[in-house]
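To keep things clear, I will list the structure first and then write my remarks on it.
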2 protein chains.
Amino acid sequence: MRTAFYISDGTAITAEVFGHALLTLFPAQFEHVTIPFVETSDMAEQVKQRINDRYKTTGQRPLIFQTFVDDALRQIINSSNGICYDFLNTFVEPIQRELGVAPVPKTHRTHSIHEKTYDFRIDAVNYALANDDGSNLKNFDQADIILVGVSRSGKTPTSLYLALQYGIKAANYPFVEEDMEQLRLPEMLKRNKAKLFGLTITPERLSQIREQRRANSRYASLRQCQLELAEVENLYLHEQIPYLNSTHLSIEEISAKIIAKTGLKRHKY
Amino acid sequence: MRTAFYISDGTAITAEVFGHALLTLFPAQFEHVTIPFVETSDMAEQVKQRINDRYKTTGQRPLIFQTFVDDALRQIINSSNGICYDFLNTFVEPIQRELGVAPVPKTHRTHSIHEKTYDFRIDAVNYALANDDGSNLKNFDQADIILVGVSRSGKTPTSLYLALQYGIKAANYPFVEEDMEQLRLPEMLKRNKAKLFGLTITPERLSQIREQRRANSRYASLRQCQLELAEVENLYLHEQIPYLNSTHLSIEEISAKIIAKTGLKRHKY
């Protein structure tokens, strides 16, 4: 099996995203090796040795996705037996030409605590945790967005993702039977109606998810899921709450769609 | 100000990471516009119009970071007045040559629910939430890792990040005074000692963070923070628990370091 190395003087997250986007285009299996924080020439020499050893044992040149900012470190890796794909170096020059500005190479400029938006993200995570599952209605005034939906429709992981990745203060509120039967919103939601965003899901999938939680319960039964979802979708229409169906979407996709639909301000690029 | 567009037929997360890694090298300000889920030629034409309008109003050609897999859609964006940087297209051909395998273009192959590891990640998020803050000692046997440390040393956001990004089941346990005074681990941690990873932080930073929570309390006082941290670092040494100092690190950096140090198996690339 071919080995793919993701190497950087930082977290190597960018190198992983870069390599992953490319390798998933190919119908082939890879062994993945991530090596972050390669910050000295001694460390870079050791990594070069690992690459060369891998070449020797497998007979195939490893693919190297690297995002070094430090030129000397990059050269060491480039001198290995791996094949280096270096998107920073490839694109810096044309961008420099277009901008008419020279780059100022610095490490740890991405994914670091020094990013201007870092504190927003940590505050938002704390907010999302404290306001998960309708636990703190009185804080809803501070929310950037309030996700609503029936139990297990994807609100919690989506709130956390919005907070962690984008610094968005996302609260969430699970509708209880009382809200739905009366087809009305609790007072605290009504006050913040412009912030509401609904999630829905197919009854079949919801029932499956709930079964894992409480097998053979009324809560997990298809009939109960059908009832709750019909009511909640009625409520969305009746109150004109924007919503989407999460059944076939990942939390990344749900989050990207919510941001695109609402125009929410994000705190990370 | 120059505008940077991040455009894709998927979430555009890859396009953002790609463009961000490049633009942060330049000492310049940009206006960032992300447009995900551009899935039809009509939508692509609308985006092209937005790019051209931006060029007209600013007099500067927008920078376009795009990751279309669909060739027809890419062509439409390429025909705009923006300057397109396309790392997929740039690197696919050399990788294809090296692998001797043709790419099979498909959208939604990254950041989608169809990734093999998606369910791991959702399970891990639920696990991290249920086992936050020592709330469920009896589940520690199921953990992949148990973060330990004093209150507010960064355990919770790190657990959530490890779960969300890497599908790692991360529990966390805040030491209470009793544990520390006696310099001993609770039984449930002792049983899972190989899974423990400690966090520490400088007393000054800890006191600052705690002040935001409970201003002017004993809990937040520098003296109390110094005491607790000295005790907890003693405990790490005494019990030979690997640990790191989170003071100057982002959750991405803490997570990458923990994975590199422990060799934890991740469920995402």
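From a predicted model like this one, the values you see are computed outputs, not experimental measurements. Each chain gets a letter, A, B and so on, in the order the sequences are listed, and its residues count up from 1. Side chains included, hydrogens not; waters and symmetry mates left out as well; all remaining heavy atoms used.
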Would you confirm whether T14(B), through its side chain, and A21(A), through its main-chain N or O, come within 3.5 Å as a donor-acceptor pair? no
CD (Q29(A)) with more than 12 external heavy atoms under 6.0 Å: no
What part of A102(B) gets within 4.5 angstrom of chain A, counting heavy atoms only: side chain, backbone, both, or neither? backbone
Close side-chain approach of V104(A) to L25(B), heavy-atom, < 4.5 Å: no
Taking every non-hydrogen pair under 4.5 Å, which of I259(B), N126(B), L99(B), V101(B) racks up the most with chain A? L99(B)
Answer whether the closest heavy-atom distance between the side chains of I83(A) and R97(B) falls below 4.5 Å. no
Nearest 0.5 angstrom please: F87(B) CZ to F91(A) CZ, how far? 8.0 Å
Return the option, out of F26(A), F30(A), Y118(A), Y161(A), with the maximum number of heavy-atom pairs under 4.5 Å with chain B. F26(A)
Please flag which part of I13(A) lies under 4.5 Å from any non-hydrogen atom of chain B: side chain, backbone, both or neither. side chain
Side chain, backbone, both or neither: which part of T67(B) has a heavy atom under 4.5 Å from chain A? neither
In terms of heavy-atom proximity below 4.5 Å to chain B, should D133(A) be classed as side chain, backbone, both, or neither? neither
Counting heavy-atom pairs under 4.5 Å with chain B, the top scorer among V92(A), L23(A), D132(A) is V92(A)
Passes side chain to side chain contact (heavy atoms under 4.5 Å, CB included), T110(B) versus V17(A)? Steps please. CA-CA 9 Å; T110(B) 55; V17(A) 172; over 6 Å; no
OG1 (T34(B)) and CZ (R266(A)) are apart, to the nearest 0.5 Å, by 4.0 Å
Heavy-atom contact with chain B under 4.5 Å, split by part of A12(A): neither
Heavy-atom side-chain contact between I95(B) and Y85(A) under 4.5 Å: yes
Contact class of L160(B) relative to chain A, heavy atoms under 4.5 angstrom: both
For T247(B), which atoms come within 4.5 Å of any heavy atom of chain A: side chain, backbone, both, or neither? backbone
Rounded to the nearest 0.5 Å, what separates atom CG in D123(B) from atom CD in Q212(A)? 7.0 Å
Show the nearest heavy-atom pair for residues H111(B) and E253(A), with the distance to one decimal. O-CG, 3.4 Å
Min side-chain heavy-atom separation I113(B)-L249(A) under 4.5 Å: no
Which atoms of V125(A) approach chain B - backbone, side chain, both or neither, heavy atom under 4.5 Å: side chain
Less than 4.5 Å to any heavy atom of chain A: does that hold for the side chain of L63(B), its backbone, both, or neither? side chain
Student check: side-chain heavy atoms of I251(B) and R121(A) closer than 4.5 Å: yes
Please examine the side chains of E98(B) and Q60(A), heavy atoms only from C-beta on, and report whether any two atoms are closer than 4.5 Å. no
Region of S255(B) in contact with chain A, defined by heavy-atom distances below 4.5 Å: neither
Where on F37(A) is there a heavy atom nearer than 4.5 Å to chain B: the side chain, the backbone, both, or neither? side chain
Given P36(A), S112(A), A260(A), the one with more heavy-atom pairs under 4.5 angstrom with chain B than any other is S112(A)
